[in-house]
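Worksheet: the structure to be examined is printed underneath.
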Amino acid sequence: MTDNRFDPSSADGRWQRAWDEAGTFTADSNSDKPKSYVLEMFPYPSGRIHMGHVRNYTMGDVLARYKKMRGHEVLHPMGWDAFGMPAENAAMEKKVHPGSWTRSNIEAMKAQLKRIGFALDWTREFATCDPEYYGHEQALFLDMYEAGMVYRRSSEVNWDPVDMTVLANEQVIDGKGWRSGAEVEKRKLDQWFLKITDFAEDLLDGLGELDHWPEKVKLMQENWIGKSQGLEFSFELSNGEKLPVYTTRPDTIFGASFCAIAADHPISQGLADDPAVAAFIEECKRGGTTAAALETAEKLGYRTDITAKHPFTGEPLPVFIANFVLMDYGTGAVMGVPGHDQRDFEFATKYDLPIQRVVAKDLESADAPMGDEAEPGDGVIIHSDFLNGLSVEHAKADVINRAEDGGWGEGTTVWRLRDWGVSRQRYWGTPIPFIHCETCGIVPVPKDQLPVKLPEDVDFETPGNPLERHPTWKHVDCPTCGGKARRETDTLDTFTNSSWYFLRFASQPEDKPFDPEEIAKWMPVEHYIGGIEHAILHLLYARFWTRALARLGKFEVKEPFASLFTQGMVTHETYSLGDGSWLSPDEVRKDGADWIRIEDGAPVTAGRVVKMSKSKKNVVDPDNIIEKYGADSVRWFMLSDSPPERDLPWSEAGIEGCWRFVQRLWRLFDQIDQTATGEDKALARKAHQAIVAVAEDIEALSFNKAVARIYELTGAAEKAKPSESRNFAIRTILHLIAPMMPHLAEEAHARMASGLIADAHWPEHDEAMLVEDEVTIAVQHKGKLRDTLTVPKGASKEDLEALALASEKVQRSIDGAEIRKVIVVPDRLVNIVT
RNA sequence: GCGGGUGUGGCGGAAUGGUAGACGCCGGGGACUUAAAAUCCCCUGAUCCUUGAUCGUGCGGGUUCGAGUCCCGCCACCCGCACCA
């Protein structure tokens with residue numbers, strides 16, 4: 001009566017259309033059901049959906065469908081993070097407009113997502129490059145400006161002196177420009193900043209309320225915000241000036257043997273008349289602006305003639321200009337304590353400065369010779385006059401007190417977090433809505449003139465910012481005085497686009513960014529899922545925007561994402577030829593134990609399993625897989641085996657196994673026997689236990705465990721003889737897999753009932769059916785397993801002990817030794833200690 | 001350099017301090033078939049003196065009747081570092 005094979009090539013599309021036509025996944029904000037907002041980080045439209053997307057969206061999809069089965073009104077939207085550099089690169093390489101390149105990518109990727117059968121509300125789709133979206137973003141940016149959260153200052157960028165253009169960190173390879181190959185320099189530009197540091201305390205405290213965020217992400221954000229307590233004080237300099245410095249280790253002040261200031265510190269700049277100083281400052285401009293580049297660069301210093309007077313000893317300390325001191329952090333000047341800071345240690349070794357230990361592990365080791373690195377650890381203070389014998393903690397407090405009493409310093413809090421530079425000298429982003437007027441200065445674009453749209457007619461033939469070069473776009477009249485003025489040609493960092501998109505998904509009125517009442521209905525996002533690579537920047541910026549908008553009175557929500565899940569990457573084995581060139585998986589095959597190239601039989605080395613990437617050619621295209629196995633097999637693969645937070649190795653064998661399981665289920669679903677009677681208590685119990693366990697696993701996002709349980713129940717149902725219990729078990733499996741393999745589930749459901757299984761309820765379980773009658777307990781002798789016993793559940797300690805001692809195997813192991821102790825854990829084990 | 005993480009069979013991984021290896025993949029053996037595919041059944045951590053025993057969760061210590069799990073110290077690998085998204 002039915003085919004004995006499930007055919008996804010016809011079923012998948014049929015059910016996808018059925019869901020579309022019924023509007024099954026359209027979220028109704030007026031529903032009186034409890035609301036659930038499930039969101040995956042929206043994709044950048046790079047051109048093709050990759051396996052990482054499939055994994056991410058499958059997890060969210062299972063949650064969304066499960067929540068719906070649990071009676072929730074679910075919002076599960078999708079859109080496009082559409083601004084960014086790849087579109088401009090494509091424009092340069094392929095001579096296409098970034099907008100049309102992006103639009104056609106979106107169209108292709110949307111079709112791919114549809115083929116996987118995601119339960120998405122497409123009615124709310126948008127792209128961040130839609131003028132409507134970025135216009136509202138400009139309005140929000142102006143609101144933040146009015147509230148004093150936006151300002152301008154000069155800041156360093158990577159400058160390519162050959163291409164005459166600003167480079168992203170990504171475009172700096174080994175300190176050189178990626179196109180020109182020229183040595184990159186630091187250059188200062190006037191740029192726009194958002195005052196995220198005003199929210200440092202709030203963002204830090206807010207982490208405490210995020211109970212459903214991974215600890216590691218919270219810890220990373222905490223370290224990133226980097227609250228530190230320390231002492232800010234001033235050295236008196238030999239030239240009569242004062243040098244304010246900040247230190248987190250005032251306890252080590254007697255170990256200071258030099259001071260170091262940043263190259264762009266005012267004192268350094270004041271000495272720049274000296275050609276040697278000027279040359280050194282120039283030297284410091286070499287190299288990129290990333291933390292890693294700065295930290296790993298060789299420590300360089302220039303010894304000035306100035307000395308600083310130690311506040312306690314009065315000793316003169318040499319003042320150096322040094323490349324490892326940052327003007328952006330603290331005061332741009334530090335006291336160097338080589339004994340207890342690794343950077344200072346290296347610097348002191350290089351420039352032959354004294355290295356004195358002032359914190360020792362204990363008094364005995366106080367005068368042991370210093371090793372070849374600094375000692376940053378805790379201990380007791382030595383060689384420090386009145387601090388001797390104090391703990392690090394007490395010494396810190398003592399020095400701060402004395403500085404405050406003496407009026408030469410004070411205890412302060414310093415944050416590692418820096419204000420967010422949002423200026424980008426690029427075309428494909430949100431234009432920053434300001435006008436520079438010769439007479440009025442900086443003037444916001446009036447809101448009724450938003451959006452400030454990007455011009456369409458731009459060229460990418462010459463490097464640099466096309467908005468700057470455009471013949472007319474930047475020339476405007478001042479909105480205040482009507483005089484000649486110039487548009488801001490910087491665009492906003494793409495991270496601003498992704499800092500509020502979840503609000504626009506929840507509510508999208510035409511005349512404003514969002515409607516507070518709708519926000520109140522849906523926010524916060526209940527489940528937010530995405531890559532660990534966003535642990536800091538995107539997630540911190542989104543938290544910041546939400547708090548900033550709340551401070552502006554736009555809504556009450558303070559934290560956008562109630563729970564966060566960071567998923568692992570999809571990886572694949574790599575294949576290479578003897579010459580080191582990479583081969584793609586479909587160019588090779590296994591020949592016995594070895595790998596060969598299909599084309600000519602050349603030997604191939606199977607290498608490490610790493611993240612799928614174009615450069616390693618170990619990419620598997622989801623479309624080809626769906627074509628061959630259907631959407632459900634791929635979805636099942638994404639959920640199986642690996643825990644979702646870890647990497648998932650893609651394998652051909654694995655997807656084959658999923659395909660076989662789809663067919664196994666299909667055959668099983670055909671075996672409901674309406675004439676069957678009788679109870680199979682063991683199977684019924686397994687089914688009830690699975691209903692509870694799979695629900696718990698899905699809610700904990702432990703999809704791999706849910707999958708294993710479904711395999712177990714399936715195996716048991718297959719083996720069982722027909723009975724009412726078996727029919728129940730089969731129908732249970734059908735509902736348990738519905739969120740994971742929705743097409744197969746609909747197809748099978750349609751043959752036994754009317755309506756969509758997507759609209760069905762999660763099966764009910766019977767509490768009484770969960771309890772086992774019998775348990776297997778372990779019998780140990782001195783902690784080693786000797787025997788097992790099957791006993792009724794709840795057997796008494798005495799009975800268990802007697803049964804254990806009666807075991808022949810146990811007696812042989814004890815071998816007549818004296819029994820000193822017997823530990824009995826009911827329903828678990830008996831441990832006999834001799 | 002700084003910060004974060006991971007480590008269990010041939011592979012992916014299970015395991016409230018209580019029977020290590022659930023479940024899947026690979027591999028081996030068998031059934032069915034003219035044959036193949038599909039399907040079904042059985043086996044599959046290592047070693048040995050094989051009715052059984054010993055060893056075994058990156059390495060070295062410790063706590064405990066009992067440690068993959070808790071504590072201390074290492075090693076290896078991976079990820080992030082503010083203009084990639």
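By convention in this document, chain letters (A, B, ...) are assigned in the order of the sequence lines, proteins followed by strands, and residues within each chain are numbered from 1. Side-chain atoms are counted along with the backbone in the values below, which use heavy atoms only and exclude waters and symmetry mates. This is a predicted model, so every value here is computed, not measured.
- Side-chain contact annotation: A:T430 with A:N497, donor-acceptor N/O pair under 3.5 Å present.
- Across the interface with RNA chain B, nearest-nucleotide mapping of A:N223 and A:R709 shows A:N223 to be the residue nearer the 5′ end.
- With a heavy-atom cut-off of 4.0 Å to chain A, the contacted part of RNA chain B has its first and last nucleotide at B:G1 to B:A85.
- Closest heavy-atom contact between A:E88 and A:Y427: OE2-N, 2.9 Å.
- Nucleic acid contact class of A:E156 (heavy atoms, under 4.0 Å, all strands): none.
- Comparing the C1' positions of B:A31 and B:G17 gives a spacing of 46 Å, expressed to the nearest Å.
- Residue contacts shown for A:I823 include a base, since a base heavy atom lies under 4.0 Å away.
- For the residue pair A:R709 / A:Q689, no side-chain donor-acceptor distance below 3.5 Å is found, with atom types taken as modelled.
- Using a 4.0 Å heavy-atom distance criterion, A:A653 is classed as a sugar-phosphate-only contact.
- In this structure, A:L539 and A:Y541 have side chains that are not in contact, with every pair of non-hydrogen atoms separated by 4.5 Å or more.
- Contact annotation for A:R667: backbone-only contact, meaning every heavy-atom pair under 4.0 Å involves sugar-phosphate atoms and none involves a base.
- Under the side-chain contact (heavy atoms from CB on, under 4.5 Å) test applied with A:I777, the options A:V791, A:V824, A:V825 reduce to a single match, A:V791.
- Pairs of Watson-Crick or G-U wobble type, with distances under 3.5 Å, assemble into runs of 3 or more in RNA chain B at these ranges: B:1-7 with B:75-81, B:10-12 with B:23-25, B:27-31 with B:39-43, B:45-48 with B:52-55, B:58-62 with B:70-74.
- When heavy atoms are screened at a 4.0 angstrom cut-off, A:E533 is found touching base atoms of the nucleic acid.
- Residue contacts shown for A:Q780 include a base, since a base heavy atom lies under 4.0 Å away.
- At a threshold of 4.0 angstrom between heavy atoms, the contacts of A:G421 are confined to the sugar-phosphate backbone, with no base atom among them.
- Here A:D787 lies out of heavy-atom contact (under 4.0 Å) with every strand.
- Between the side chain of A:E346 and the backbone N or O of A:K299 there is no donor-acceptor pair closer than 3.5 Å.
- A:P643 comes within 4.0 angstrom of the backbone, heavy atoms only, and of no base.
- The gap from the C1' atom of B:U44 to that of B:G29 amounts to 11 Å, rounded to the nearest Å.
- Residue contacts for A:V707: at a heavy-atom cut-off of 4.0 Å it reaches no nucleic acid atom on any strand shown.
- Here the side chain of A:D493 pairs no donor or acceptor atom with the backbone of A:T496 at under 3.5 angstrom.
- Counting any heavy atom pair closer than 4.0 Å across all strands shown, A:E656 reaches no nucleic acid atom.
- Using a 4.0 Å cut-off between charged nitrogen and carboxylate oxygen, A:E772 and A:K686 do not count as a salt-bridge pair.
- In this structure, B:U19 is classed as anti because its glycosidic torsion departs from zero by more than 90°.
- For A:A778 and A:I532, each mapped to the nucleotide of RNA chain B holding its nearest heavy atom, the one lying further toward the 5' end belongs to A:A778.
- Remark: A:S807 pairs with A:D787, A:K809, A:V810 by the side chain to side chain contact (heavy atoms under 4.5 Å, CB included) rule, at least two apart or across chains.
- Glycosidic conformation of B:G9 is syn; the angle stays within 90° of 0.
- A:R646 comes within contact range of the sugar-phosphate backbone alone, with a heavy-atom separation under 4.0 Å but no base atom that close.
- Nucleic acid contact for A:R416: base, since at least one base atom lies under 4.0 Å from a heavy atom of the residue.
- The residue A:F495 sits close to a base: some heavy atom pair falls under 4.0 Å.
- For the pair A:Q191 and A:S155, the tightest heavy-atom approach, listed with the atom from each and the gap, is NE2-O, 3.5 Å.
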